[in-house]
Protein chains: 2
Amino acid sequence: MPVSPPRPKGPPLNALRAFEAAARLGGIALAADELCVTPGAISQHIKTLEQWAGVKLFERRAHGVELTKAGRELAPDFTAAFDQMGLALHALRRARPQPAITIAALPCVAQLWLPRHLTAFRLAVPAVRLSVVALETPPHLKRELFDCSLFIRDPEETATGIVLARDEIFPVCAPAIAARLKNPADLSGEVLLHDAVWSGDWPLWAEAAGLASQGFSEGPRYSLYGLALEEAKSGAGVLMGHAGLVDAALARGELVRPFAESVATGKALVLDMPSRPAPSSQAARFCEFLVQNGAG
Amino acid sequence: MPVSPPRPKGPPLNALRAFEAAARLGGIALAADELCVTPGAISQHIKTLEQWAGVKLFERRAHGVELTKAGRELAPDFTAAFDQMGLALHALRRARPQPAITIAALPCVAQLWLPRHLTAFRLAVPAVRLSVVALETPPHLKRELFDCSLFIRDPEETATGIVLARDEIFPVCAPAIAARLKNPADLSGEVLLHDAVWSGDWPLWAEAAGLASQGFSEGPRYSLYGLALEEAKSGAGVLMGHAGLVDAALARGELVRPFAESVATGKALVLDMPSRPAPSSQAARFCEFLVQNGAG
DNA sequence: GCGTGACCTTAGTTTTTCTAACCCAGATTT
DNA sequence: AAATCTGGGTTAGAAAAACTAAGGTCACGC
């Protein structure tokens, strides 16, 4: 009858969060990414939790971790608990004196697509406070405190996402370069500008345009699409343009389309929001505004 | 359009727990007690949370804190979330390789009432692992990871508690002292032994026995009932006995009841368990065992 | 067979959290 | 009206936790 430790210590909440993320996403690296820490931190959290609970939660394999039976059975409970917590947190954020709308967006969307719409919305609703966070990967809206997200992605992968515009691509370049491009085959002599994450754009288009995709992966890569766009404007080469991201530059004449060929990538500009958007909130109004006006 | 901080930091979970406890219990000191930290820590947590959320949650008054409107509206959401988390944690604990039954009990119950029953249960279920934690105040079974609790308390104050035995009190003392006690009035010349937390016992009994409660608060106080019991056995004075706690000593003849008068205190030995006890678990079996055999 | 990808481990640093000791204001007593 | 008591706030420093960075391991694919 060990009248043991004075009082069993409370559970390590951060470790639970780490476990939940790792279990849901199926990997330590992915969880680390979601929680914005290094994989080592997640690994340690999980070890702490396993020790605290006295249960092995993950099977460590060389090529990734796998949930044990216990882990597989327990994970949904924790997911449910953190979902509930997320609801409470959203409520908390909404209670602020002057609630701001926080938008998560792909950097290029934030830079090239959003500004117009933010300006228009501010005209319609003057007192609103908006802030934008640029992220490479879409956040979990139930967990992270964003009011909505705007990403170019496969529309299938979200349950609640709304397609604002299908993604289409076509080459764009400065007028001076366009002057010497009569047809797609002329591209062989030109510098092709690439976005680091959309490296498949040029081969995809080339194939659709009836060219061998051979050689379409060569050329400078930019980690930000906005950067590549600036380079294109200043005549550094030909960029694969995404409709929604280049139309402002096209309208201003800074860039032109040398060819008519346009290819759908299968992705789309997707607006997503937490499954239970605060009704009648400014965030809901903003999303509605985008749906009405965002296609343009 | 501030493309501000890289990624808004996740919510401080420990601060949320502190807030939830303080809101539910209605005070910082109480929350500190539940979470086993100093009030200063809770206070800081709440400040951190208020800062993170940008919302005042508590109104600081000189004589205790009070929830603000926002706090009052938000608290139930967090309570729900932590309840859910508690369920998940219980499931986690149950998943251990050899699950142990952890019992929370009042120190005197752990010392004077439980041992017999633990022994009996071990006979019935040999392989079981039991551990006992002595606590002054009943734990929140939804939060703290006990499988059941055994406290002498008002049965009304629990929703799920099961009364094992009504609490009755009567004087007990060593046989040598009993020899000179013919009727209650003889107590006036005796040393009365008191338990620190049950200081009302003697006056209550005295009144029921038709004596003026005058003078029944005098005498040595012991912070542990078990200590007072030992003193009574060795002839230090007359103790107010609680039926369930002294019957073993009575059976062994170490103590005797000089008078027949017995008074119900309105409290009872209450067995409580988490609202959703694991069906078919060892913990459930133990509780059932106590209900069957615990009255004796 | 060698590179690669995904993860683990460890040591050391940074950050958070906690405590201890003190101060305050309003109630409650004296 | 003064003293006390109660429930909290504040602060510096100590303790504990979390995080990062760097190096290591194992399996897979080319």
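Here is the naming used below: chain letters follow the sequence lines, and residue numbers restart at 1 for every chain. Because only heavy atoms are used, hydrogens play no part in the values below, and waters and symmetry mates are left out as well, while side chains stay in. Predicted, not measured: the structure shown is a model, and the values here were computed from it.
Of the candidates dT17(C), dC7(C), dG26(C), dC7(C) carries the atom nearest the Arg60(A) side chain, counting heavy atoms from C-beta on. Comparing dC18(C), dT17(C), dT10(C) against the side chain of Gln44(A) picks out dT10(C) as the nearest. Listed candidates were dT19(C), dA27(C), dT17(C). Nearest to the side chain of His63(B) is dA27(C).
Salt bridge status for Glu20(A) with Lys142(A): absent, with no side-chain N to carboxylate O gap under 4.0 Å.
Atoms CD (Glu66(A)) and P (dC7(C)) sit 12 Å apart, rounded to a whole Å. Counting to the nearest Å, the C1' atom of dC18(C) and the CG atom of Asn14(B) are 12 Å from each other. Glu59(B) has its CD atom 17 Å from the P atom of dA25(C), to the nearest Å. If you take CG of Asp33(B) and P of dC18(C), they are 15 Å apart, rounded to a whole angstrom. Remark: P of dT17(C) and CG of Leu16(B) are 11 Å apart, rounded to the nearest angstrom. Taking atom CG on Leu25(A) and atom P on dA6(C), their separation rounds to 14 Å, with Å as the unit. A straight line from CZ of Arg17(A) to P of dT16(C) spans 13 Å, rounded to a whole angstrom. For the pair Gln51(A) CD and dC8(C) P, the computed distance is 15 Å after rounding to whole Å.
One distance of note links CG of Leu57(A) with CG of Leu67(A); it measures 7.5 Å at 0.5 Å rounding. With rounding to the nearest 0.5 angstrom, the SG atom of Cys108(A) is 9.5 Å from the CZ atom of Phe151(A).
Where Ser43(A) and His45(B) each meet DNA chain C at their nearest nucleotide, the meeting point lying more 5' is that of Ser43(A). Mapping Pro39(A) and Gly26(B) onto DNA chain D by nearest heavy atom places Gly26(B) at the nucleotide closer to the 5' end.
If you check every strand for non-hydrogen atoms under 4.0 Å, Ala29(A) touches sugar and phosphate atoms only. Counting non-hydrogen atoms under 4.0 angstrom, Arg61(B) reaches nothing in the nucleic acid.
Side-chain polar atoms of His194(A) and Asp201(A) form no donor-acceptor pair below 3.5 angstrom. Residues Asp272(B) and Ser149(B) have side chains that never bring a donor and an acceptor to within less than 3.5 angstrom of each other.
With hydrogens and angles ignored, the 3.5 Å screen pairs no side-chain donor or acceptor of Ser43(A) with any backbone N or O of Pro39(A). Counting only distance, with no hydrogens or angles, the side chain of Asp195(A) and the backbone of Tyr225(A) share a donor-acceptor pair below 3.5 Å.
You can see that DNA chain D meets the heavy atoms of chain A within a 4.0 Å-exclusive cut from dA17(D) to dA27(D), reading 5' to 3'.
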